[in-house]
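As structure tokens, the structure follows; a few thoughts come after it.
Letters A, B, ... mirror the listed sequences (proteins, then strands); counts begin at 1.
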Amino acid sequence: MLDRQDHDRDEQRWSTWMAAANGGDKIAYKQLLTELAEVLEAYLRHRFGNLQLLEDCVQESLLAIHCARHTYDPARPFRPWMFTIIRHKTIDILRKSRRLARNEGEVAANTMLNQSGHYESDPVDTMIDGARMLDRMEPDHRDAVALTQYAGYSVPEAALRLGISESALKARLRRGLIAMRKQLEAEEIPL
Amino acid sequence: MNSDTNKREQLIGELVADLKPVPRAGRTWAKSVMWLCGASIATIGLMLFRGPFRPGFIEQLFAHPQFATESAIGVSAIMICAFAAYHSAIPSTDSRLRQAALALGLITVWMGFYLYGLTDPAIAPSMTGKRDYCYVEVFLVGLPALVFGIIALRNLYPLRGAFSGALIGLAAGTIPALMMQFACMYLVPHILIYHIAPGFSLALLGSVCGFFFLRPK
């Protein structure tokens with residue numbers, strides 16, 4: 001946990017760098033983005049664990065910060081501005097991922113079939129270690145999200161492993177991702 | 001993971017290379033005031049182009065405090081609505097309810113005056129100044145302000161496009177809706193159906209436009 005002094009120092013530093021970047025200072029901007037990328041990764045990993053989309057979320061958020069930089073007002077705090085963008089981007093990516101899951105029919109390259117033609121039965125909990133957002137999810141939804149979004153299973157493979165139809169898995173996955181999005185929307189932004 | 005790190009570094013490099021100085025973000029209220037001035041001038045100009053305002057409306061404003069008060073509340077509601085629309089297009093932690101509460105509250109009070117006017121009108125009901133197709137005029141005259149508003153919000157960073165679009169649509173629609181009280185006949189049921197309702201319909205249109213055109217890049 002950051003103590004108050006670290007928090008204030010970060011706020012001051014990021015705010016100064018962003019103001020300098022908006023004036024065209026490339027060195028300050030590089031420092032800012034490099035530092036923010038690490039902060040973003042920690043923020044997302046704390047919530048989602050080793051989600052496959054994590055790196056996408058980090059990069060999309062950096063891109064969004066770049067596109068929105070002209071709306072940053074140095075007279076106002078940097079953190080709420082930045083975390084609002086990050087949260088929105090993450091929710092957006094989860095939505096897209098849900099849409100993708102709905103349309104997915106292909107077989108993932110990384111199948112988990114073992115020699116005898118059966119799926120290995122790694123406990124789902126080991127795949128989602130640290131994914132705080134999954135803790136409060138219905139077990140059925142959680143398994144669907146964990147297998148497809150964390151373990152790299154395709155929809156047909158995940159359905160086979162859980163012993164349910166593909167359409168049932170897609171429905172569970174959709175509900176699971178909606179639950180994740182709602183949790184993120186309801187969560188207070190770390191100010 | 002290593003390839004992810006490389007891609008991230010590459011992205012940061014590209015973003016830094018793309019960096020150009022941006023003008024300091026102006027105050028939201030200043031931008032909304034500029035839009036309001038432009039929208040009001042355009043609205044009055046277009047309405048005058050179609051026909052003169054009702055004779056004696058200025059005297060009525062001074063002679064009837066209720067008429068002056070309801071008009072002043074209407075002006076305040078429009079201003080706050082425009083400000084809320086611009087404010088909603090800047091990323092912030094404020095909830096939608098918080099951003100729109102004052103604007104919607106003032107609109108409600110403004111409508112309250114008209115509802116009260118059904119039993120006790122602010123000025124004597126009259127057909128003086130009647131304009132044909134005033135409901136179409138309200139809608140059409142509000143459109144340019146809506147279009148410019150959507151363009152202006154697009155240049156910011158609206159994260160909730162439909163919401164920002166609805167607010168700017170509401171502001172754009174209520175300007176001619178209010179002006180029509182000075183230009184057209186004063187009869188409260190007519191005002192509610194032919195002036196206010198078409199003005200509010202621009203909020204719906206704004207919401208649809210916002211949904212499609214105010215998506216963050």
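- The environment of B/L48 atom CG is dense: over 12 non-hydrogen atoms of other residues, nucleotides or ligands sit within 6.0 angstrom.
- By the neighbour-count criterion of 12 heavy atoms within 6.0 Å, atom CZ of B/F213 is sparsely surrounded, having that number or fewer from other residues, nucleotides or ligands.
- Around CZ of B/F211, the count of heavy atoms belonging to other residues, nucleotides or ligands within 6.0 Å does not exceed 12.
- Interface residue B/L159: backbone and side-chain heavy atoms are both found under 4.5 Å from chain A.
- Between atom NE2 of residue A/H66 and atom CD1 of residue B/I12 there is a gap of 12.0 Å, rounded to the nearest 0.5 Å.
- Taking the side chain as every heavy atom from C-beta outward, B/Y157 and A/C67 approach each other to under 4.5 Å.
- B/F163 CZ: more than 12 foreign heavy atoms inside a 6.0 Å radius.
- Summarising the local packing, CD of A/Q12 is surrounded by 12 or fewer heavy atoms from other residues, nucleotides or ligands at distances under 6.0 Å.
- The local environment of CE in B/M79 is sparse, with at most 12 non-hydrogen atoms from other residues, nucleotides or ligands closer than 6.0 Å.
- Two residues are said to be in side-chain contact when any heavy atoms from C-beta on lie closer than 4.5 Å; B/P91 and A/T71 meet this criterion.
- B/K20 contributes no side-chain N or O that, together with a main-chain N or O of A/G24, makes up a donor-acceptor pair within less than 3.5 Å.
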side-chain contact (heavy atoms from CB on, under 4.5 Å) evaluation trace for A/R69 with B/L19: CA-CA 10 Å; A/R69 68 191 191 281; B/L19 182 73; 3.4 Å; yes

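- Residues B/R8 and A/E41 have side chains in contact (heavy-atom distance under 4.5 Å, counting atoms from C-beta outward).
- Other residues, nucleotides and ligands contribute more than 12 heavy atoms inside 6.0 Å of the CZ atom of B/F57.
- Put simply, OG on B/S92 and CG on A/D73 are 12.0 Å apart, with the number rounded to the nearest 0.5 Å.
- If you take CD on B/E9 and CG on A/L33, they are separated by 12.5 Å, rounding to the nearest 0.5 Å.
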